[in-house]
Each structure stands twice: as C-alpha cells, then as structure tokens.
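Contents: one structure, followed by commentary.
Atoms within each ligand, like the ligands themselves, are counted from 1 in listed order.
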Amino acid sequence: MPFFSPEKVTSALLEWHIDNPRDLPWKKTRDPYLIWLSEIILQQTQVSQGLPYFLHFANKYPTVKDMANASEDEVLKDWQGLGYNSRARNMLKTARIVAQQYDGVFPDDSAGLETLPGVGSYTAAAIASFAYEEEVPVLDANVIRVMSRLLGIQTPPSNAANKKKLLDALDALIAHATPSAFNQAIMDFGARVCRPRNPGCESCPLNDNCSAFASGMVHAIPFKAPKKPRKNRYFHYMVIGDEDGLVLRKRQEKDIWQGMYDFPAIETASTELLNSDQIHSFLRSHFNLTNYQVVKHSTDSQVLSHQQIHGIFYTIKSHGELKTGDKGPFTLASYENLANFAVPKIIDCYLKAKSIHL
Ligand code: SF4
C-alpha cells in the first residue's frame with residue numbers, strides 16, 4: 001500500500017489522543033494489578049457496563065492479596081451481571097498465583113504475564129505496555145478494526161496470515177512512540193472514531209493513509225464470518241421449598257454458569273412440561289421427598305452468546321423434611337440469605353419477580 005506511512009499514522013494517532021483524552025480510572029495508574037483488573041473486566045464488556053464493577057472490585061480488594069483471600073462464591077457474587085463467568089474464576093486463580101507464588105507482584109513482561117490463567121496475548125500486551133512500557137502492541141477488537149481498514153484487509157482478520165500482517169504493521173507503528181501512549185491512542189481511536197458503525201471517516205486524521213477509505217470498502221471491513229445459530233436448551237427448574245427456604249444447586253460441571261447457583265433441574269429437548277411421574281421420580285431420588293405439592297409453573301428465557309436458555313419453573317411446596325445432604329451440589333438457602341448467592345440472570349429475574357416465599 002503505497003501511501004501507508006507508519007511514522008505519519010503514529011504521529012496522527014498521538015496528536016488525536018492528546019486532543020481527545022479519555023478519563024477512566026485505570027488510565028491514571030501504572031499499578032499492574034489495577035490494569036489487569038480493568039483488562040479482565042473489559043474483555044467482552046463495554047466500558048460503561050464494566051466501570052462500576054471495576055470501582056467495586058478495586059475498592060473491595062485494593063491489592064491482589066486481598067482478592068486472593070476471597071472465596072470463589074464471594075467473587076462470583078461480586079461479578080454477577082457481567083457474564084462470561086470463567087473470567088471471574090480465572091481472575092481469582094490468577095490473584096492466588098500472584099499472591100502466593102510471586103509475593104503479590106505481577107510478572108513484569110508479557111511472556112510471564114501470559115502464563116497466568118485468563119491472560120491471553122492481548123491482555124498480557126496491554127498490562128506489559130501500560131504498566132512496564134514493554135514495546136508490544138495490543139490487538140483488541142478496536143485495534144483489529146482500525147488496522148484492517150487502514151491495510152484494506154478483506155478476509156477474516158482472525159486467520160493466521162492476516163494476524164501476522166496486522167502485528168507486523170503495528171510493530172512498525174509502535175516503534176515511533178512510547179508503547180503505552182501508542183496502545184492507548186489506537187484503542188481509544190477505534191472506540192471513538194473508527195467505530196464499527198458510522199465511523200468518522202470524513203474528518204479522520206488517518207484518512208489519507210487508509211486503504212478502506214480510498215477504496216470505499218470501510219463498511220465491509222473487518223470481514224465478518226457468518227455466525228453459527230444459537231443452541232436452544234430447556235431447563236426444567238424445580239423451585240423446591242418450605243417455610244424456611246429454597247433448595248439451590250451449585251453448578252459444578254464444566255458448562256455455562258460454572259460455580260454459580262440455580263435450582264435443581266432436568267434438562268430436556270423442548271418446553272413440553274414434565275409429567276407428574278418425572279417430577280416425582282426426580283424429587284424422590286434426589287431429596288427423598290414424596291410429600292409435596294406442585295403449586296404452579298412459569299417460563300422465562302435468557303440469551304447467551306452461543307445458547308438460548310429456556311427456563312420452565314415448577315414451584316414445589318414441600319410438606320416433608322427437606323434433605324439436601326452434606327455433600328453434592330444442593331443446599332437449602334434461607335429466604336433471608338438468598339441474595340448472597342451468585343445466580344444467573346434468569347434465576348435473579350425469577351427470584352425478584354416472584355418475591356418467592358413458599
Ligand atoms: Fe477508520 Fe475511516 Fe479513519 Fe479509515 S478513514 S481509519 S476507516 S475512520
């Protein structure tokens with residue numbers, strides 16, 4: 001591409017950033033713990049949604065050792081509402097590794113950072129450049145979009161050859177700047193100027209270096225692979241309770257919402273209601289419960305990135321002693337204590353809507 005000048009692009013990006021700073025708390029620090037925390041929260045999350053969570057975590061756990069001392073239940077409760085809970089579980093694993101094996105100090109280069117759970121090459125590059133000024137470019141969704149458009153890449157940017165092209169071009173750009181300043185500038189530029197929809201091309205300071213703009217291909221880049229259809233799943237939830245509380249189930253299996261709590265459930269292939277034999281057999285085998293009344297049922301759904309969850313709720317009033325056993329996934333939660341459990345959105349909505357008390 002004859003008109004792409006790394007020096008000019010970098011200097012235009014830095015000038016633009018000086019005139020358009022973004023006032024966010026994690027930009028005012030060099031503390032790798034707070035930078036790491038912000039990067040984990042902002043993976044797959046918009047800044048406006050992630051900011052209150054960042055402030056909450058930074059306030060409740062001011063150091064990585066404070067976080068390392070928290071229980072997984074507590075961290076998942078703090079995380080509730082952000083989604084992609086494997087991030088929270090990995091965050092806690094990393095906090096414990098840094099606290100115990102590194103005495104509370106994060107590794108000071110991207111290679112060391114990348115060994116930590118939940119820290120991929122992008123997150124490692126962000127922490128290493130912002131905290132330690134390592135000359136390593138970040139490749140987040142904003143940067144991929146800017147660079148794919150500047151270079152006019154019309155195939156999926158995720159393929160290995162394109163990724164190398166993007167990284168080579170970024171290496172040439174970052175060489176003309178302080179690493180943290182460059183990475184912050186291009187990430188913010190992608191978020192605010194070279195936006196996914198309605199990018200500000202006409203007044204863009206890079207438009208005379210932009211291949212997509214020159215060829216009229218801006219809206220087709222970055223190339224998007226067709227999305228796979230979402231998988232439908234049908235959870236028939238038994239909301240079993242008595243005067244004292246409700247039975248919750250800790251989701252222990254490797255699946256959505258791992259580590260969070262929902263209700264005991266039977267998963268089927270449709271919304272067709274369970275018959276009384278199925279309910280009876282489930283209650284007897286898991287809780288030795290034979291004296292009960294199915295009061296009512298209701299439905300709700302929750303859309304996840306790759307799945308749509310259909311919840312069919314059966315409210316079951318126990319007239320016998322509710323036994324959940326000492327081991328296993330079930331626990332009897334008192335009504336007063338229900339709010340302390342980390343639950344998926346579909347369960348949270350159900351509990352709030354029903355203000356349940358059997
Ligand atoms: Fe992005 Fe448009 Fe600027 Fe090119 S000209 S970098 S597509 S905003």
Practice problem: With sequence neighbours excluded, tell me which residues meet side chain to side chain contact (heavy atoms under 4.5 Å, CB included) with L82. | Solution: I41, T45, Q49, Y53, W79, R87
Quiz item: Hydrophobic clusters join Ile, Leu, Val, Met, Phe, Trp and Tyr when side-chain heavy atoms are under 4.5 Å apart, directly or via other members; which others share one with I221?
Solution: M217
Practice problem: Say whether, by atom type as modelled, one donor and one acceptor occur between the side chain of T94 and the main chain of M91 under 3.5 angstrom. | Solution: no
Quiz item: Would S129 and E134 count as having a side-chain donor-acceptor pair, cut-off 3.5 Å?
Solution: no
Quiz item: Using 4.0 Å as the upper bound for N to carboxylate O, is an ion pair formed by K27 and D188?
Solution: yes
Exercise. Can you sort out the partners of E15 under salt bridge (Lys or Arg N to Asp or Glu O under 4.0 Å), two or more places apart, ordered by chain and number?
Key: none
Quiz prompt | Near atom 4 (Fe) of ligand 1 (cut-off under 2.8 Å), count of protein N, O or S atoms | solution = 1
